[in-house]
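Shown next, in structure tokens, is the structure this report addresses.
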Amino acid sequence: MRRVRVRFAPSPTGPLHIGGVRTALYNFLFARKNNGDMLLRIEDTDSSRFVPGAEDYIVESLKWLGITIDEGIGAEKEGAFGPYRQSERKHIYRKYVDQLLNDGKAYIAFDSPIELESKRAEIPNFQYDAQTRLSMNNSLTLPEEEVRKRLENDEQYVVRIKIEPGEDIVVNDLIRGEVSINSSVIDDKVIFKSVDELPTYHLANVVDDYLMQITHVIRGEEWLPSSPLHVLLYRYLGWENEMPQFAHLPLLLKPDGKGKLSKRDGDRLGFPVFPLNWKDPRTGEIYNGFREAGYFPEAVVNFLALLGWNPGTDQEIFSMDELIEQFSLERVSKSGAKFDYEKAKWFNHKYLQMKPDEEVADIFQRILIEKGFIEDTDKVIKIISLIKDRADFITDLWEQSHYFFEAPEHYDAKAVQKRWKPEIPEQLEELGKMLLSLEAASADEMEKSIKEWISGKNYHLGNLMNALRLALVGELKGPSIFEIVEVLGKEEAARRIKKAIEVLSGES
RNA sequence: GGCCCAUUCGUCUAUCGGUUAGGACGCAAGAUUUUCAUUCUUGAAAGAGCAGUUCGAUUCUGCUAUGGGCUACCA
């Protein structure tokens with residue numbers, strides 16, 4: 001058995017899409033599960049679509065998610081099969097192009113883009129193939145002498161694969177089983193272009209996968225239709241025995257409507273579709289990332305892993321190690337999965353709840369400092385323990401806890417109307433005084449004393465407690481009122497009571 | 001248009017010929033909570049359609065429909 005080697009091979013044309021992230025994740029899980037190697041290769045054969053910074057973005061995204069690379073770009077040690085950027089492998093491809101040319105498996109074509117365009121406009125369903133190639137400008141139709149002259153004159157050309165028609169090509173897909181397609185419907189794809197001396201994706205990925213000894217090609221379903229071409233390429237190159245196994249992953253679809261998830265959907269529906277924030281260097285356009293939206297990488301990984309794969313059990317929460325342990329391509333589903341943002345949020349909620357309060361407090365401290373609050377660590381931990389379960393994100397924490405740090409500036413109008421009864425100011429004032437005279441300082445003790453006091457006075461418990469909450473928080477929300485008093489301290493609580501009476505009774 | 005792939009609750013999915021078709025998200029109701037949330041309980045919610053194979057089909061086959069992908073000197 002050969003050592004398992006898989007690759008994630010994105011092209012640096014912009015930020016890494018979340019679907020690409022999932023492809024990377026499945027490659028990674030498969031490699032780890034089988035004690036194999038995970039390579040990162042950059043497919044930058046289209047020089048015109050290169051976007052600066054995209055490669056770094058890819059590496060940083062994978063790193064953030066805990067998808068570690070063993071070999072290639074972003075690996076600790078690059079590895080013995082480099083270079084891992086296709087643009088740096090120029091010198092390697094030429095040899096195989098010549099081999100195909102010499103073996104009569106490919107030919108040189110001079111048709112200009114304009115000529116091809118007009119051909120397509122002229123003939124419906126025009127395809128450059130066995131039917132049409134003899135009516136085109138190429139080394140099959142031009143005299144040898146003419147071809148040589150054109151090449152000597154540095155005329156632009158492309159190399160096309162010469163597909164033999166009428167043969168059923170079978171691709172054995174690990175997820176879908178046998179997929180068969182007749183070679184007559186495959187066109188003579190461009191495999192090399194003289195303009196930048198680079199191969200196209202089809203040739204480059206076959207050559208590189210072969211040379212890098214890739215055993216499994218795990219990629220998106222959009223490659224399924226061209227995989228027979230790749231099989232043919234392996235065959236024409238004489239590598240069919242070393243051909244990797246294919247696994248085509250179902251696509252990630254839009255949550256509403258139709259089509260595969262695109263970058264526009266994020267803006268349109270208000271959630272990220274990229275791992276990290278990205279600013280387009282040309283347009284200045286901002287794309288939102290999961291990281292900046294407050295997601296934990298573990299939650300994103302967990303969510304993504306289950307979009308298109310499941311182990312057949314009821315387990316929902318998986319650590320990376322558990323995913324590795326349980327992952328298999330056989331259990332990847334065949335149909336596309338709609339991106340469910342609500343579920344993504346739920347995963348993050350779960351992960352937030354699982355994090356120790358100390359750890360959450362540590363992150364929250366940084367937010368507090370940014371807002372200008374210097375707070376005692378134990379106090380912050382205490383607050384986190386009180387409010388954590390009502391937050392989905394670290395970024396929700398401030399919204400849920402601000403009243404611990406700053407007195408309310410205004411009071412929720414609806415709540416005031418409902419709970420600020422005429423008798424309340426007097427009762428609250430008494431309560432404030434009583435509070436200050438208490439020896440007890442813990443929530444439990446205070447609860448006991450205050451409740452006793454209220455029932456002794458025959459005051460309405462619900463009304464008074466809610467009014468107190470209104471005075472302390474400004475709204476009718478939050479954890480136990482006595483816990484709040486404990487954290488605030490009796491003095492601060494009394495101050496807030498006084499202020500609420502001034503503000504609210506002044507108005508009424 | 002041509003080719004390829006897919007099709008179970010609104011969504012993600014389980015089921016590898018015989019199940020009251022299970023779980024999760026979301027939704028609804030109830031309980032708990034002096035509030036909000038959490039939590040717990042309960043509920044509504046699915047085999048695209050039509051043939052065929054079979055004692056028996058969600059499961060196998062075919063057709064139709066629907067959805068998706070590909071059809072570039074892009075990946």
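Reminder, nothing fancy here: chain letters follow the sequence lines and each chain counts from 1. These numbers come from a predicted model, not from an experiment.
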Whole-Å [atom1] distance, [N] and [M]:
{"N": "B:U13", "M": "B:A72", "atom1": "P", "value": "30 Å"}
{"N": "B:C73", "M": "B:U15", "atom1": "C1'", "value": "48 Å"}
{"N": "B:A24", "M": "B:A31", "atom1": "P", "value": "22 Å"}
{"N": "B:A37", "M": "B:U32", "atom1": "C1'", "value": "12 Å"}
{"N": "B:G47", "M": "B:U58", "atom1": "P", "value": "10 Å"}
{"N": "B:A14", "M": "B:G2", "atom1": "P", "value": "32 Å"}
{"N": "B:U42", "M": "B:A57", "atom1": "C1'", "value": "32 Å"}
{"N": "B:U39", "M": "B:C25", "atom1": "P", "value": "9 Å"}

Pair [X] + [Y], salt bridge at N-O below 4.0 Å:
{"X": "A:Arg94", "Y": "A:Asp98", "answer": "yes"}
{"X": "A:Arg85", "Y": "A:Glu88", "answer": "yes"}
{"X": "A:Asp340", "Y": "A:Lys338", "answer": "no"}
{"X": "A:Arg41", "Y": "A:Glu43", "answer": "yes"}
{"X": "A:Lys355", "Y": "A:Glu298", "answer": "yes"}
{"X": "A:Lys345", "Y": "A:Glu342", "answer": "yes"}
{"X": "A:Glu483", "Y": "A:Lys382", "answer": "yes"}

Using a 3.5 Å cut-off and no angle test, enumerate the donor-acceptor pairs between side-chain atoms of residues 158-167 of chain A and protein atoms at least two apart in sequence or in another chain.
residue  : atom : partner  : partner atom : Å
A:Arg160 : NH1  : A:Asp188 : O            : 2.7
A:Glu167 : OE2  : A:Arg235 : NH1          : 2.8

Rounded off to whole Å, could you give me the [atom1]-to-[atom2] distance for the [X] and [N] pair?
{"X": "A:Phe303", "N": "B:G26", "atom1": "CZ", "atom2": "P", "answer": "12 Å"}
{"X": "A:Arg419", "N": "B:U35", "atom1": "CZ", "atom2": "P", "answer": "8 Å"}
{"X": "A:Leu476", "N": "B:U33", "atom1": "CG", "atom2": "P", "answer": "18 Å"}
{"X": "A:Lys451", "N": "B:U33", "atom1": "NZ", "atom2": "C1'", "answer": "10 Å"}
{"X": "A:Lys338", "N": "B:C25", "atom1": "NZ", "atom2": "C1'", "answer": "15 Å"}
{"X": "A:Asn302", "N": "B:C25", "atom1": "CG", "atom2": "C1'", "answer": "13 Å"}
{"X": "A:Met465", "N": "B:C36", "atom1": "CE", "atom2": "C1'", "answer": "16 Å"}
{"X": "A:Asp340", "N": "B:C27", "atom1": "CG", "atom2": "P", "answer": "11 Å"}

field: Where protein sits on nucleotides 69-75 of chain B, one letter per nucleotide: B base, S sugar-phosphate only, - none, heavy atoms under 4.0 Å
entry: BS--BBB
- request: Encode nucleotides 18-23 of chain B as B, S and - characters from 5' to 3', where the letter depends on protein heavy atoms closer than 4.0 Å: B to the base, S only to sugar-phosphate, - to neither.
  value: -----B
Would you mind classifying the nucleic acid contact of [X] as base, sugar-phosphate or nothing, using non-hydrogen atoms under 4.0 angstrom?
{"X": "A:Phe482", "value": "base"}
{"X": "A:Pro479", "value": "base"}
{"X": "A:Arg331", "value": "sugar-phosphate"}
{"X": "A:Ile481", "value": "base"}

field: Toward the 5' end of RNA chain B, by each residue's nearest nucleotide, A:Gly308 or A:Lys350
entry: A:Gly308
- line: On RNA chain B, more 5' by nearest nucleotide between A:Lys477 and A:Glu342 is A:Glu342
State the pairing partner of [N]; accept Watson-Crick or G-U wobble contacts with both distances under 3.5 Å, and report none otherwise.
{"N": "B:U41", "value": "B:A29"}
{"N": "B:U15", "value": "none"}
{"N": "B:C50", "value": "B:G62"}
{"N": "B:G67", "value": "B:C5"}
{"N": "B:C36", "value": "none"}

Cut-off 3.5 Å, no hydrogens considered: what does the side-chain donor-acceptor table look like for residues 423-432 of chain A, sequence neighbours left out?
residue  : atom : partner  : partner atom : Å
A:Glu430 : OE1  : A:Lys457 : NZ           : 3.1
A:Glu430 : OE1  : A:Tyr459 : OH           : 3.3
A:Glu430 : OE2  : A:Tyr459 : OH           : 2.8

Minimum-distance nucleotide (side-chain atoms of A:Trp346 versus B:U35, B:C36, B:G26): B:G26
task: Only counting residues at least two apart or in another chain, list the ones meeting ring-ring contact (aromatic ring centres under 6.0 Å, His included) with A:Phe296.
output: none
field: ring-ring contact (aromatic ring centres under 6.0 Å, His included) partners for A:Phe126, two or more places apart
entry: none
message: Taking donor-acceptor contacts at under 3.5 Å, does the side chain of A:Arg469 reach the base of B:U35?
response: yes
query: Does OP1 or OP2 of B:G2 have a side-chain N or O of A:Asn125 closer than 4.0 Å?
result: no
- prompt: Side-chain donor-acceptor pair under 3.5 Å between A:Asp46 and A:Tyr201, yes or no?
  reply: no
